[in-house]
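The block underneath contains the structure these notes are about, expressed in structure tokens.
All values derive from a computational prediction rather than experimental measurement. Within every chain, numbering begins at 1; the chains are lettered A, B, ... in the order of the sequence lines, protein sequences first and strands thereafter.
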Number of protein chains: 2
Amino acid sequence: MASTARLAEIAALLGEPARAAMMQALMDGRALTAGELAQAGGITPQTASAHLARLTQAGLLAMERQGRHRYHRLAGTEVARLLESLMALAEAPARPAIRTGPREAALRHARTCYDHLAGRMGVALADALVARGHLELDHDAGRLTEAGAAHLLALGVETAPGGRLLCRPCLDWSERRPHLAGRLGAALCRHCLERGWLRRVPGSRAVRASPEGARLMRDAFGLDWA
Amino acid sequence: MASTARLAEIAALLGEPARAAMMQALMDGRALTAGELAQAGGITPQTASAHLARLTQAGLLAMERQGRHRYHRLAGTEVARLLESLMALAEAPARPAIRTGPREAALRHARTCYDHLAGRMGVALADALVARGHLELDHDAGRLTEAGAAHLLALGVETAPGGRLLCRPCLDWSERRPHLAGRLGAALCRHCLERGWLRRVPGSRAVRASPEGARLMRDAFGLDWA
DNA sequence: CCGGCACTTCGTCCCGGGCCGAAGCGTGCC
DNA sequence: GGCACGCTTCGGCCCGGGACGAAGTGCCGG
């Protein structure tokens, strides 16, 4: 059996609000400096430093130095999945979401979930692909159809090596329906960001489409969700 | 964003070794009494009682009474998935598994992972279905082929309603390769248990095949893993 | 070379939570 | 009805961990 002590150690690391906040801040897949993470956690740099050391030592974070800056990122997709599971449970229907400011609305609208699109846009993208017959998706798994694979290839979206068509759904905590995760979800997200169709909102996990980008995404994917 | 406080609360609940042990004991999908869980956690019934109350109040466990016994079970598949994610991380390659007694070997051999088969048997079952052309499986998703669906239907295995062929992989922490989870994984496990091909080992998550069962599973699935 | 910035380390304080013994409540059996 | 069992509640003890101020280290730009 997986070590109970080790499981409890990992869970306990995430069970402290400041560390949890810092980990969530990293869920957009980027790297943040220790100072930025201290702010995300609402604690002083000294406290953040101790917390980051523990998270890194436990293998949940990876750190790299650039000059005097220490950049931290999630150690891998397994850590991201764990946080996804925690977020899904934290947002379970039994506990209705607290709807706060416009920032929360922006995250519900469109955000990145580690490496793929989430929020209403992410779910709408999955729905549009399904409607076009390009994707089959349910709670357990997803599969790109041949037509879908050909279409994405024509767009220049990298699908899986060897033409693998299977893809992973991720339960969207804000919509309670699946969006597209895994390698394909990541490829679609990267494509949209690289083309400039989507841009990250500074200091947030939210993303936003330019008018041009919204139009191009409508053309490319049948995405009409505004 | 999912509430940080709520995420930390859930993680903290699992971050205490006694509670983690009790939750893991429930990962075979069954219900256990408060006394059994106290033993699983290595604590007195008084301590267990307080812990179980907190887990239930937080929505991680569901409790039902039968006479003077209180039966507890995992509250649902999302809780199981969270524990799967935690177990996968706890067993990450960076920390080689401690190989202890025969009990650990039995779990590595064959066990249930909440509602589906895991361990060498679970991975071998997935491999056998893939080898027979009945299943496609990678880390992101899985799909039953038409031939596979027909075969399982002939065996009396309930596949998804509406003939849905997509299925979810689950990363096996002991084998580091995927076994079959989701609705199809659960249906296969249930089928094998109901037919008596597999039997649960009392007081454990391990399962064991009778000689007859092993032969029938070899015939049914091409499962030759002994 | 020096000052400033990013971050870490050290020391100290305070509080929450895990533990169990004792007592109490509800259920079931004889 | 009484006794035993399963489990809960209460009270108290002890310890680990989160917080920050002060000081220290390393890097970078002028």
Inset, instruction - Please determine if a side-chain N or O atom of B:Arg54 lies less than 4.0 Å away from the OP1 or OP2 oxygen of C:dG18. - result: yes
Legend entry - Side-chain N,O (A:His69) to OP1/OP2 (C:dC7) below 4.0 Å: yes
Do [X] and [Y] have side-chain heavy atoms sitting under 4.5 Å apart?
| X | Y | answer |
| --- | --- | --- |
| B:Arg205 | B:Cys113 | yes |
| A:Cys167 | A:Arg183 | no |
| A:Leu125 | A:Leu180 | no |

Legend entry - Residues in side-chain hydrogen bond (donor to acceptor under 3.5 Å, both in side chains) contact with B:Ser85, at least two apart in sequence or another chain: A:Ser85
Legend entry - Helical bend (five base pairs per end, nearest 10°) for the helix from C:dC1-D:dG30 to C:dC30-D:dG1: 30°
Inset, instruction - Using atom CD of B:Glu64 as one end and atom P of C:dT27 as the other, report the distance to the nearest whole Å. - result: 16 Å
Can you list everything that forms a side chain to side chain contact (heavy atoms under 4.5 Å, CB included) with [X]? Sequence neighbours excluded, please.
| X | result |
| --- | --- |
| B:Glu36 | B:Leu32, B:Thr33 |
| B:Leu216 | B:Trp197, B:Glu212 |
| B:Ile43 | B:Ala18, B:Met22, B:Thr47, B:Ala48, B:His51 |
| B:Asp127 | B:Val123, B:Arg177 |

Inset, instruction - Starting from the C-alpha separation in whole Å, work towards a yes-or-no answer on side-chain contact (heavy atoms from CB on, under 4.5 Å) for A:Leu89 and B:Val79. - result: CA-CA 7 Å; A:Leu89 261 179; B:Val79 179; 4.0 Å; yes
Legend entry - Salt bridge B:Arg81-B:Glu78, side-chain N to carboxylate O under 4.0 Å: no
Inset, instruction - Mind listing the residues from residues 13-20 of chain A sitting with a heavy atom below 4.0 Å of DNA chain C? Number order is fine. - result: none
Check: residues 62-72 of chain A side-chain donor-acceptor pairs under 3.5 Å, at least two apart:
none

Legend entry - B:Asp115: salt bridge (charged side-chain N to carboxylate O under 4.0 Å, His left out) partners, not counting sequence neighbours: none
Inset, instruction - Check salt bridge (charged side-chain N to carboxylate O under 4.0 Å, His left out) between B:Arg54 and all other residues, then give those that pass, not counting sequence neighbours. - result: none
Inset, instruction - For DNA chain D, determine which residues of residues 40-51 of chain A have any heavy atom closer than 4.0 angstrom to one of its atoms, and list them numerically. - result: A:Ile43, A:Thr44, A:Gln46, A:Thr47, A:His51
Inset, instruction - Could you say whether A:Met63 or A:Arg68 is positioned toward the 5' end of DNA chain C, judged by the nucleotide with the nearest heavy atom to each? - result: A:Arg68
Legend entry - Opening and closing nucleotides of DNA chain D in contact with chain A, under 4.0 Å to non-hydrogen atoms: D:dG18 to D:dC28
